[in-house]
Amino acid sequence: MNSKLDLSFYRRKDVVKIANDLLGKLLITKINGIVTSGRIVETEAYSFIERGCHAFKGKTTRNAVMFDRGGVAYVYLCYGIHHLFNIVTNEEEKADAVLIRALQPMGGEAYMMQRMKTKSLKRITSGPGKLTKALGIDRKMNGIDLIGNQVWVEEDDFVIKRGGILKSPRIGIDYAGKDALLPWRFTMEGNEWISHV
DNA sequence: TACGTGATCACG
DNA sequence: GTGATCACGTAA
């Protein structure tokens, strides 16, 4: 119960399956002793073989950690404002990753609200840019080990009912042409914490 | 529907 | 060097 996911989970070859499997798990951060966590309710898969992925055109300074072996974080700044958190998967040079897009708060809510400068829990982690801010994730964590003690994912006893996971096209990647139509976004059906699009 | 915001990338 | 671009969020 509540065991940390290990490298064998992250280093599997099928990033689409991993994105599906991450739903219902707990994402946890511990920063300066402050623990915050949330249930993963929305993910997207990205693979170096398709145009939606940062790694499609090869290694650059930004995407370099995507080419590491699975089990590390890929964090980058989007639109100059938002930090986006991804989990690198697959083996070395197979640059796949799962973007975590939304969480249901499961612990440390007071700290999350403090970081978000709000007194309300409403939609506090309902989007990829918001959840990183609420959990204190930023670019300093790019490349960090996910079996370490700062950011990790745990199993939970939460069970998703049969048919409770929906697939849809990924958000905000119109530049990817026909690859933008791949049904690689996974959401927990009916969950109120899913990002609104 | 509009745009802030700044690192990064592809040029040259 | 320089300009275009961007896996978003919020206000309006």
Side-chain angles (χ1 to χ4, degrees), chain A residues 10 14-23 27 38 40-68 70 72-90 94-105 112-144 146 151 153 166-188 191-197:
Chain A
Y10 298 118
D14 188 348
V15 67
V16 178
K17 174 160 177 45
I18 295 172
N20 181 93
D21 292 349
L22 280 167
L23 288 189
L27 175 63
I40 297 169
V41 300
E42 177 176 346
T43 62
E44 285 177 358
Y46 289 87
S47 177
F48 67 100
I49 61 168
E50 48 85 20
R51 301 197 80 87
C53 183
H54 288 166
F56 179 70
K57 288 187 268 189
K59 193 182 290 188
T60 66
T61 51
R62 179 177 69 164
N63 68 22
V65 307
M66 288 188 77
F67 290 78
D68 290 351
V72 297
Y74 168 43
V75 184
Y76 71 96
L77 188 65
C78 185
Y79 295 105
I81 304 171
H82 307 106
H83 298 271
L84 268 55
F85 173 76
N86 298 254
I87 291 174
V88 175
T89 68
N90 212 333
K94 306 287 189 188
D96 294 350
V98 176
L99 171 66
I100 307 301
R101 287 192 54 90
L103 301 175
Q104 175 174 352
M112 295 188 202
M113 290 189 286
Q114 197 174 321
R115 287 172 177 144
M116 300 299 278
K117 303 189 192 310
T118 175
K119 293 177 179 171
S120 166
L121 260 182
K122 194 175 183 198
R123 294 192 185 287
I124 201 171
T125 49
S126 298
K130 292 197 285 187
L131 72 89
T132 54
K133 188 172 179 185
L135 267 64
I137 296 170
D138 63 26
R139 277 189 330 127
K140 291 196 298 295
M141 296 187 185
N142 190 37
I144 203 173
L146 295 176
V151 192
V153 181
L166 299 181
K167 294 181 236 200
S168 58
R170 295 167 295 175
I171 305 301
I173 56 161
D174 293 344
Y175 59 83
K178 66 176 169 53
D179 290 334
L181 302 175
L182 292 168
W184 285 8
R185 172 175 177 245
F186 297 89
T187 54
M188 218 182 270
N191 189 286
E192 63 178 315
W193 295 93
I194 288 164
S195 69
H196 76 286
V197 291

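Quick note on labels: first sequence line is chain A, next is B, and so on, each numbered from 1.
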Asker: Is the shortest side-chain heavy-atom distance between A:Leu22 and A:Ile87 below 4.5 Å?
Answerer: yes

Asker: Take atom CD of A:Glu42 and atom C1' of C:dC8, then tell me their distance rounded to the nearest Å.
Answerer: 12 Å

Asker: Given 3.5 Å as the limit, does a donor-acceptor pair link the side chain of A:Arg51 with the main chain of A:Ala176, or not?
Answerer: no

Asker: Let me see the working for A:Lys140 and A:Asp138 under salt bridge (Lys or Arg N to Asp or Glu O under 4.0 Å), right down to the final yes or no.
Answerer: CA-CA 5 Å; A:Lys140 291 196 298 295; A:Asp138 63 26; 2.8 Å; yes

Asker: Any base atoms under 4.0 Å from A:Leu84, or only sugar-phosphate, or nothing? Heavy atoms, all strands.
Answerer: sugar-phosphate

Asker: How many whole angstroms separate atom NZ of A:Lys117 from atom P of C:dT10?
Answerer: 14 Å

Asker: Any side-chain to backbone donor/acceptor pair from A:Asp179 onto A:Gly52? Under 3.5 Å, distance only.
Answerer: no

Asker: For Watson-Crick and G-U wobble pairs within 3.5 Å on both distances, what is DNA chain B written in dot-bracket notation, | included for inter-strand pairing?
Answerer: ||||.||||||.

Asker: Should A:Thr60 be listed as having a side-chain N or O under 4.0 Å from OP1 or OP2 of B:dC9?
Answerer: yes

Asker: Look at all strands and tell whether A:Gly129 reaches a base, only sugar-phosphate, or nothing, counting heavy atoms closer than 4.0 Å.
Answerer: sugar-phosphate

Asker: Does a distance-only test, which skips hydrogens and angles, find a donor-acceptor pair under 3.5 Å between the side chain of A:His54 and the base of C:dA7?
Answerer: yes

Asker: Counting only N and O atoms by type, is there a donor-acceptor contact under 3.5 Å from the side chain of A:Asn63 to the main-chain atoms of A:Thr60?
Answerer: yes

Asker: Can you tell me the distance, in whole Å, between the OH atom of A:Tyr79 and the C1' atom of C:dA4?
Answerer: 13 Å

Asker: Starting from P on B:dC9, measure out to NZ on A:Lys59 and report it in whole angstrom.
Answerer: 13 Å

Asker: Quick one: does any side-chain atom of A:Ser126 pair with a main-chain N or O of A:Trp193 as donor and acceptor, under 3.5 Å?
Answerer: yes

Asker: Give the rounded distance in Å between these two atoms: CD1 of A:Ile124 and P of C:dT10.
Answerer: 11 Å

Asker: Under 4.0 Å, heavy atoms only, any strand: does A:Thr61 hit a base, just the sugar-phosphate, or nothing?
Answerer: sugar-phosphate

Asker: If we ignore hydrogens and angles and just use 3.5 Å, is the side chain of A:Glu44 paired with the main-chain N or O of A:Arg101 as donor and acceptor?
Answerer: no

Asker: Where the side chain of A:Arg139 is concerned, which of B:dA7, B:dG4, C:dA7 is the nearest nucleotide?
Answerer: B:dA7

Asker: Examine C:dA7: is either OP1 or OP2 under 4.0 Å from a nitrogen or oxygen in the side chain of A:Arg185? Give yes or no.
Answerer: no

Asker: Across the strands shown, which category fits A:Arg62 at heavy-atom distances under 4.0 angstrom: base, sugar-phosphate, nothing?
Answerer: sugar-phosphate

Asker: As a test of reading the structure: which of B:dA7, B:dG4, C:dA7 is closest to the side chain of A:Tyr76, going by heavy atoms?
Answerer: C:dA7

